[in-house]
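Structure first, then comments.
Because only heavy atoms are used, hydrogens play no part in the values below, and waters and symmetry mates are left out as well, while side chains stay in.
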Amino acid sequence: MRPSWDEYFLELVDQVATRATCDRGKSGCVVVRNKRIICTGYVGSPSGMPHCDDVGHDLKQVIDDDGTTRNHCVRTVHAEQNAIVQAARYGLQLEGTTIYCSMEPCRVCAMLIASSGVGRVVARRRYHAGGDTPEILSAAGVELVIVEDVVETYDGQ
């Protein structure tokens, strides 16, 4: 049986995520226009900078709105951010595209998505730090689809 377009592109997100250079919350992102991939992104350090896989994590404590303390690696750039940067670097407009991602975008990624003209976001699961994301995307007229209404968990979260 043939997968739907959303299922197909989410499967490709999993493949893109295999390039991630931080083993915490490995995620990928695929940006699509008219059922064609225009760019991808994965969790990784900025070009030319050391990767977690090579030098370890740069962990900072973050306190969630509910008071939960978590460790967050700040060495890397999120998959959605990397995809948006790749589009900018190569002159690709994001107006009206769909972003497929492993997890619901964080607040910063949601703001970048809203500002870039993306029309739709399809995420496999929720993100533990995605609390403001639905409101940000909705206010910008960006459709948000969460395929599995569960929060993604990973080691060392």
Of all heavy-atom pairs between [X] and [Y], which one has the smallest distance, and what is that distance?
X	Y	result
Cys22	Cys73	SG-SG, 4.0 Å
Pro50	Arg75	O-CD, 3.5 Å
Ala17	Lys26	O-CD, 4.1 Å

Flag yes if [X] and [Y] sit in one hydrophobic cluster, no otherwise; membership is Ile, Leu, Val, Met, Phe, Trp, Tyr, and two members link when side-chain heavy atoms are under 4.5 Å apart.
X	Y	result
Val62	Val151	no
Val13	Tyr42	yes
Val32	Leu10	yes
Tyr8	Val122	yes
Val16	Tyr100	yes

Is any side-chain heavy atom of [X] closer than 4.5 Å to a side-chain heavy atom of [Y]?
X	Y	value
Cys106	Tyr127	yes
Glu143	Val121	no
Thr21	Cys52	no
Glu80	Asn82	no
Ile84	Gln81	no
His78	Met103	no

How long is the gap from [atom1] on [X] to [atom2] on [Y], to the nearest 0.5 Å?
X	Y	atom1	atom2	answer
Thr40	Gln15	OG1	CD	11.0 Å
Ser47	Gln86	OG	CD	7.0 Å
Leu59	Arg24	CG	CZ	5.5 Å
Ile38	Leu94	CD1	CG	5.0 Å
Thr69	Gln61	OG1	CD	6.0 Å
Leu144	Ile99	CG	CD1	11.5 Å

Where do Val43 and Val77 land on the side-chain contact (heavy atoms from CB on, under 4.5 Å) test, with the steps shown first?
CA-CA 6 Å; Val43 172; Val77 177; over 6 Å; no
Any Lys/Arg nitrogen of Arg120 or Asp6 sitting under 4.0 Å from an Asp/Glu carboxylate oxygen of the other?
yes
May I ask you to decide whether Arg125 forms a salt bridge with Asp149, counting only side-chain N to carboxylate O separations under 4.0 Å?
no
Evaluate whether atom CD of Gln93 has more than 12 neighbouring non-hydrogen atoms of other residues, nucleotides or ligands under 6.0 angstrom away.
no
How about Asn34: does its CG atom have over 12 heavy atoms from other parts shown lying under 6.0 Å from it?
no
Would a distance-only check, ignoring hydrogens and angles, find a side-chain to backbone donor-acceptor pair under 3.5 Å from Thr133 to Pro105?
yes
Main-chain N/O of Arg33 paired with Thr97 side-chain donor or acceptor, under 3.5 Å
no
Starting from the C-alpha separation in whole Å, work towards a yes-or-no answer on side-chain contact (heavy atoms from CB on, under 4.5 Å) for Cys39 and Arg89.
CA-CA 11 Å; Cys39 63; Arg89 188 175 214 176; over 6 Å; no
side-chain contact (heavy atoms from CB on, under 4.5 Å) between Thr98 and Val31: does it pass, once the steps are laid out?
CA-CA 6 Å; Thr98 297; Val31 183; over 6 Å; no
Is it true that Asn71 and His57 share a donor-acceptor pair across their side chains at a distance under 3.5 Å?
no
Report the C-alpha separation of Leu137 and Ile113 in whole Å, then their side-chain angles, then the decisive distance to 0.1 Å, and conclude whether the side-chain contact (heavy atoms from CB on, under 4.5 Å) test is met.
CA-CA 8 Å; Leu137 296 179; Ile113 289 166; 3.9 Å; yes
Describe, in one word, how the ring planes of Trp5 and Phe9 are oriented to each other, choosing from parallel (under 30°), tilted (30 to 60°) and perpendicular (over 60°).
parallel
